[in-house]
Amino acid sequence: MSGIIKNDGEEKRTEEEVVNLLIKVVERKIGEKFDLDKIENCMTEIFKKIRKEVSEKVMEEKDVKEKECKCGRKMEIKEKAKRKIQGLVKYEISRRSYYCSYCDIYERPLDDIIKCAGRWTTEIKEGIVLLGQRIPFKEAGFFIEKFLGVTVSHETIQEFTEKTGRRIFEDEKKEMEKLIGTNGYVKEELYNDKEKNIPETIYMQVDGSMVQTREEKWKEVKSGLIFAAKDNVQVDKHHKAILKKKYFSVF
């Protein structure tokens, strides 16, 4: 217990030292004439530099020094391969590239350690999808740059958002195929198996409208709402509300 208290005390003292150092840096940068906006802008720039330098050094320090192949042989270091990742700042790291001449394969362990697939961090991916599926792609690019400080083209936002949508659709389709038979109804065995039976009632409300398109002239758009009976609750004497619902729209 005393060790924990000691560590907490050391951590607190370190934080205080960092805060005092930052105060001096900010005061030196903005001078005597300042306001809150100047302080925030100054701190944003400082933290961008700190985030980049600290994150890059931590990642490179976590890179493994030696690597053994699945075949049991020691892999040799061929090079230090560079990688760029766009997060709240632009990261540039160099990671060790290992090679097994027996298996003729390359491995870069740091890629698995940092768990970042592709060229964006999760923070940026979430921003792209959240805005891309709600507002026009060009507008989404403007707001991503405004609030996250990252420039992403509207073509990239469209591509990534639609790709994510297709992946979600395929996952949901697989789940539905487990429940729905070829006749379009819930599989009979699910009713007979109490452990697999679905007790709750699900409601779907659908409406349609004709829309003129450039490529295929008039097409019908079906929009719908899905919710479970348990989520339709009485919030007061005169009103009900659906606590959890899902909208969908398809041609």
Side-chain angles (χ1 to χ4, degrees), residues 37 40-41 43-56 58-60 63 79-95 97 106-177 206-226 244-251:
D37 287 335
E40 283 202 330
N41 292 334
M43 289 299 295
T44 298
E45 290 304 312
I46 292 172
F47 282 128
K48 276 185 179 180
K49 293 177 181 178
I50 293 175
R51 186 193 299 273
K52 178 178 172 63
E53 291 183 21
V54 172
S55 299
E56 288 176 350
V58 169
M59 285 188 283
E60 291 185 15
D63 199 0
E79 60 182 351
K80 270 207 165 188
K82 292 186 177 182
R83 182 182 175 188
K84 294 181 180 181
I85 303 171
Q86 177 66 69
L88 296 177
V89 295
K90 290 183 178 179
Y91 301 107
E92 296 182 20
I93 57 173
S94 295
R95 68 261 203 248
S97 183
Y106 283 88
E107 288 188 19
R108 289 166 182 157
L110 186 58
D111 288 340
D112 296 325
I113 293 171
I114 63 178
K115 293 181 175 63
C116 181
R119 54 185 172 135
W120 297 300
T121 60
T122 302
E123 188 85 10
I124 305 305
K125 290 176 183 176
E126 286 182 350
I128 290 173
V129 174
L130 286 172
L131 289 171
Q133 53 97 23
R134 288 184 175 272
I135 59 177
F137 301 123
K138 196 167 185 179
E139 270 189 63
F142 169 79
F143 285 111
I144 289 172
E145 185 172 5
K146 178 68 176 176
F147 295 116
L148 296 180
V150 177
T151 303
V152 185
S153 69
H154 68 272
E155 294 92 349
T156 299
I157 295 172
Q158 179 176 357
E159 179 186 354
F160 190 80
T161 303
E162 292 178 349
K163 183 180 178 181
T164 303
R166 287 192 295 270
R167 189 163 61 244
I168 293 172
F169 171 76
E170 291 300 327
D171 289 343
E172 291 182 344
K173 185 179 177 183
K174 289 176 184 177
E175 290 299 315
M176 289 300 298
E177 287 173 351
V206 182
D207 199 357
S209 177
M210 299 302 292
V211 177
Q212 191 173 24
T213 68
R214 292 179 178 177
E215 297 83 5
E216 302 177 54
K217 297 186 178 180
W218 288 93
K219 292 190 71 176
E220 186 177 22
V221 178
K222 286 286 188 183
S223 295
L225 170 67
I226 299 177
K244 187 179 179 182
K245 53 195 171 185
K246 182 172 183 179
Y247 294 97
F248 65 91
S249 187
V250 295
F251 273 114

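Bear in mind that the values here come from a model prediction, so they are computed numbers and not experimental data. When reading the values below, keep in mind they use all heavy atoms of this one structure, side chains included, and skip hydrogens, waters and symmetry mates.
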Side chains of Leu148 and Ile124 in contact at under 4.5 Å (non-hydrogen atoms): yes
Euclidean distance, Phe143 CZ relative to Leu130 CG, rounded to 0.5 Å: 14.0 Å
Closest non-hydrogen atom pair between Val211 and Val221, with its separation: CG2-CG2, 3.5 Å
CD (Glu159) with more than 12 external heavy atoms under 6.0 Å: no
Verdict with reasoning, Glu170 to Lys173, per side chain to side chain contact (heavy atoms under 4.5 Å, CB included): CA-CA 5 Å; Glu170 291 300 327; Lys173 185 179 177 183; 4.2 Å; yes
Side-chain donor/acceptor of Arg95 to backbone N/O of Glu60, under 3.5 Å: no
Thr156 and Trp120, any side-chain heavy atoms less than 4.5 Å apart: yes
Spatial distance of atom NZ (Lys174) from atom CD (Glu177) [nearest 0.5 Å]: 8.5 Å
Side-chain heavy atoms of Phe248 within contact of Val206, under 4.5 Å: yes
Results of side chain to side chain donor-acceptor pair (under 3.5 Å) for Thr44 - residues two or more places apart only: none
Thr164: side chain to side chain donor-acceptor pair (under 3.5 Å) partners, not counting sequence neighbours: none
Side chain to side chain donor-acceptor pair (under 3.5 Å) involving Glu56 - partner list, sequence neighbours excluded: Lys52
Lys115 side, atom NZ; Leu110 side, atom CG - distance, nearest 0.5 Å: 11.0 Å
Any side-chain heavy-atom pair of Cys116 and Arg83 under 4.5 Å: yes
Partner residues of Lys80 under the side-chain contact (heavy atoms from CB on, under 4.5 Å) criterion, sequence neighbours left out: Ser94, Arg96
Audit row: Glu145, Thr151, side chain to side chain contact (heavy atoms under 4.5 Å, CB included) steps and yes/no: CA-CA 5 Å; Glu145 185 172 5; Thr151 303; 3.4 Å; yes
From CZ (Phe251) to NZ (Lys222), nearest 0.5 Å: 13.5 Å
Closest approach of Ile128 to Phe160 (non-hydrogen atoms, all atoms of both residues): CG2-CD2, 3.7 Å
Results of side chain to side chain donor-acceptor pair (under 3.5 Å) for Glu172 - residues two or more places apart only: Lys246
Rounded distance [0.5 Å steps], CZ in Arg166 versus NZ in Lys163: 8.5 Å
Atom pair CG/CD1 of Asp63 and Ile93 - distance to nearest 0.5 Å: 8.0 Å
Partners meeting salt bridge (charged side-chain N to carboxylate O under 4.0 Å, His left out) with Glu79 (sequence neighbours left out): Arg108
Minimum heavy-atom distance Ser97-Tyr106, with the two atoms named: OG-CD2, 3.6 Å
